[in-house]
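Structure, as structure tokens:
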Number of protein chains: 2
Amino acid sequence: MNLQQLRFVQEAVRRGLNLSEVAKALHTSQPGVSKAILELEHELGVDIFSRHGKRLRSITPAGEQLLKSVEVVLREVGNIKNIAAEHVRQGTGTFSIATTHTQARYVLPAPISRLRQDFPQLSISLHQGTPDQVAQMLLEDVAEIGIATESLTKYPDLVTLPCYDWQHMLIMPKNHPLAARKKPSLQEVAQQPLITYHPTFTGRTHIDQAFAAAQLKPHVVLEAIDSDVIKTYVRSGLGLGIIAEMAAASDFPDGLVAIPAGHLFGTNTTRIALKRGVYLRNFVYAFAQYLSSKLTQSAIDKAMRA
Amino acid sequence: MNLQQLRFVQEAVRRGLNLSEVAKALHTSQPGVSKAILELEHELGVDIFSRHGKRLRSITPAGEQLLKSVEVVLREVGNIKNIAAEHVRQGTGTFSIATTHTQARYVLPAPISRLRQDFPQLSISLHQGTPDQVAQMLLEDVAEIGIATESLTKYPDLVTLPCYDWQHMLIMPKNHPLAARKKPSLQEVAQQPLITYHPTFTGRTHIDQAFAAAQLKPHVVLEAIDSDVIKTYVRSGLGLGIIAEMAAASDFPDGLVAIPAGHLFGTNTTRIALKRGVYLRNFVYAFAQYLSSKLTQSAIDKAMRA
DNA sequence: TATCCTTACGGAATTCGTAAGCATG
DNA sequence: CATGCTTACGAATTCCGTAAGGATA
């Protein structure tokens with residue numbers, strides 16, 4: 001048995017039992033993957049995958065059970081590398097952060113520049129995606145920490161901790177009929193053409209829930225991942241924008257008005273997510289604490305153990 | 001990085017940093033061990049052991065930290081093998097039990113013969129030693145289950161569950177002055193020359209504690225591991241014997257009298273011990289339940305998770 | 001001097017790539 | 001017939017043994 005065989009098995013499951021994909025992902029030849037898995041199965045005396053002709057059809061019950069241990073082994077091998085890397089020189093290496101556009105654009109600049117100050121040797125890699133992609137990147141060890149408002153709590157292998165709370169803002173041109181109102185009602189908002197986030201992003205679920213609860217069917221004329229895109233279309237008069245407070249806070253473009261909308265859509269909580277069982281290098285703890293002073297090392301360790 | 005390197009590191013720590021011993025234990029050459037560890041250190045970029053000239057002197061802080069992950073990896077690799085072995089054919093393989101003489105001689109015969117009936121294909125290997133050796137055998141994966149009355153709860157990496165309770169018995173020749181008494185006092189016992197177990201065995205600590213609490217200093221003329229040895233010397237008139245109830249229960253030799261001594265030395269609890277985190281094959285659960293009907297699979301799994 | 005780790009080196013075994021074969025959809 | 005797994009085979013690498021070297025207690 002060797003670690004390579006275990007890697008192939010894990011990747012085969014992740015890639016839907018397609019060994020050619022596995023070979024591509026792990027930068028090796030497809031026959032090598034096939035052979036390694038066959039040899040492992042032979043050594044263990046158990047089929048891990050059931051085959052139909054020459055294709056992998058499904059994972060066997062034995063394979064299912066084995067996979068759990070395989071993942072622990074590979075996770076812990078990753079930890080060994082991280083622990084060693086940390087001892088080579090504190091604060092050296094690459095730190096991968098997975099997050100959504102809103103966080104990357106409006107929230108992370110400050111903590112990241114602080115991280116760069118405190119760990120000048122550190123390379124930082126920012127991965128952007130949907131909240132579910134963020135979760136996936138954590139699960140596949142592409143990223144070490146994830147930051148998002150949606151979805152993250154759905155995954156049992158992820159540990160999440162609340163980071164900060166925020167509300168939505170309504171944005172509109174200065175001459176918009178609602179611009180004078182302090183607290184527009186949900187009905188008033190629902191009558192406007194709306195521009196906001198894609199359904200899986202940045203608190204959009206809360207927006208939908210609020211309208212649904214009031215039995216309103218608003219017309220969302222444009223959905224975007226990107227707060228800047230929303231602002232642009234709002235400025236061009238396409239409709240009323242609903243964006244996250246973080247995106248409306250600073251450097252707010254001229255000609256637009258922002259009105260807090262917490263009374264309409266409630267409060268959202270952005271969370272950090274970590275993969276259960278992974279060893280966190282010191283700068284991960286540091287970064288978390290820059291994000292929120294409540295995210296101390298002891299708070300994180302406690303959540304990881306629970 | 002490969003598994004062999006990790007094995008060498010683990011074994012090096014276990015064998016007191018003596019690589020020659022490691023090579024012997026793992027049936028390979030000493031230079032191979034040395035080289036493998038050096039290569040691992042080089043790959044990780046961290047010294048695992050600090051060297052003094054050409055000898056290993058101590059484990060580095062990094063090594064200390066790495067070792068934890070190394071042990072998880074190797075434990076889980078063992079689990080992979082066990083899981084596979086179990087799927088090859090239920091109830092095949094070798095089951096290693098570590099225990100003390102008293103258990104092996106008086107308690108285990110019944111459960112073991114039942115195990116042999118239910119799993120005829122199973123090879124059973126019985127390892128005998130002191131309670132601390134039993135613990136050590138579990139920690140080093142020499143044995144899968146341990147059964148003993150003493151010591152086992154001292155080890156944080158072992159999970160123990162109570163198996164059955166018992167008391168000590170006084171044994172003596174029929175014509176002994178105490179033979180007529182139903183409940184001899186601690187004072188009366190303390191005046192006799194005593195024959196009982198070695199200090200680390202089979203409830204001996206309770207005996208010592210009872211005398212110490214009463215500020216009595218009994219004269220133990222002979223200590224043995226073995227209840228049969230104690231009986232032999234008692235029969236020859238060397239003194240009053242104190243043995244475990246299990247050893248006095250059946251096939252009790254002629255010419256000797258046994259008196260319960262629970263009122264003097266209290267109750268002892270024999271426990272089973274398992275190494276935290278190891279995968280237990282179905283016959284391990286079966287065996288535990290033969291030992292005590294309370295040791296169900298769910299009870300054991302619950303204790304292992306806690 | 002006895003023990004013990006490291007280095008050197010050569011043969012054996014393993015790994016891993018390309019090319020070819022064959023089954024599925 | 002395009003995709004995808006397995007088999008065959010050869011080159012490169014790694015592994016692992018013995019022998020020798022050097023350091024410690």
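Only a predicted model underlies this, so the values are computations on that prediction, with no experimental measurement involved. As a basis for the values below, the full set of heavy atoms in this structure was taken, side chains included, without hydrogen atoms, waters or symmetry mates. Protein chains get the first letters and strands the later ones, always in sequence-line order, with residue 1 at the start of each.
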Under 4.0 Å between a Lys/Arg side-chain N and an Asp/Glu carboxylate O for [X] and [Y]?
X        : Y        : answer
B:Lys275 : B:Glu71  : no
B:Arg75  : A:Glu76  : no
A:Glu39  : A:Lys35  : yes
B:Asp226 : B:Arg105 : no

Is it true that atom CZ of A:Arg116 has more than 12 heavy atoms of other residues, nucleotides or ligands lying nearer than 6.0 Å?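 No, because the 6.0 Å sphere around CZ of A:Arg116 holds 12 heavy atoms or fewer from other groups.
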Could you pick out which residue, A:Gln5 or B:Glu21, lies toward the 5' side of DNA chain C when each is mapped onto its nearest nucleotide?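 Its nearest nucleotide being more 5', the pick is B:Glu21.
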Integer-rounded Å distance: [N] [atom2] and [X] [atom1]:
X       : N      : atom1 : atom2 : result
A:Gln4  : D:dT14 : CD    : C1'   : 14 Å
B:Phe49 : C:dC4  : CZ    : P     : 16 Å
B:Met1  : D:dC15 : CE    : P     : 13 Å
B:Leu19 : D:dC16 : CG    : P     : 16 Å
A:His27 : C:dC16 : NE2   : C1'   : 16 Å
B:Phe8  : C:dT6  : CZ    : P     : 13 Å
A:Lys24 : C:dG17 : NZ    : C1'   : 17 Å

Check whether A:Gln103 reaches the backbone of A:Thr100 with its side chain - one donor and one acceptor, N or O, closer than 3.5 Å. no
Verify the contact: side-chain N or O of [X] to OP1 or OP2 of [N], cut-off strictly under 4.0 Å; return yes or no.
X       : N      : result
A:Asn2  : C:dT14 : no
A:Arg51 : D:dT6  : yes
A:Asn18 : D:dG4  : yes

Scan residues 35-48 of chain B against DNA chain D and write down, sorted by residue number, each residue with any heavy atom closer than 4.0 Å; if none is found, say none. B:Lys35
What does the B/S/- profile of nucleotides 19-25 of chain C look like, 5' to 3', with a 4.0 Å heavy-atom cutoff to protein? B-BSBBS
Closest approach to the side chain of B:Ser29, judged atom by atom: which nucleotide of D:dG4, D:dG17, C:dG17 is it? D:dG17
Would A:Arg7 and A:Gln4 count as having a side-chain donor-acceptor pair, cut-off 3.5 Å?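 Note: A:Arg7 and A:Gln4 side chains meet the donor-acceptor criterion.
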Report which part of the nucleic acid A:Ser34 touches: base, sugar-phosphate, or nothing (heavy-atom distance under 4.0 Å, all strands). base
Mind checking if B:Ser20 touches a base, just sugar-phosphate, or nothing, with heavy atoms under 4.0 Å?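 Sugar-phosphate: the residue B:Ser20, judged by heavy atoms under 4.0 Å, touches backbone atoms but no base.
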Working to the nearest 0.5 angstrom, can you tell me the gap between B:Ile272 CD1 and B:Phe287 CZ?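 Taking CD1 in B:Ile272 and CZ in B:Phe287, the distance rounds to 9.0 Å.
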Enumerate, atom names and distances included, each donor-acceptor pair closer than 3.5 Å involving a side-chain atom of residues 53-64 of chain B, sequence neighbours excluded.
| residue | atom | partner | partner atom | Å |
| --- | --- | --- | --- | --- |
| B:Ser58 | OG | B:Ser50 | OG | 2.6 |
| B:Thr60 | OG1 | B:Asp47 | O | 2.7 |
| B:Thr60 | OG1 | B:Ile48 | O | 3.0 |
| B:Thr60 | OG1 | B:Gly63 | N | 2.9 |

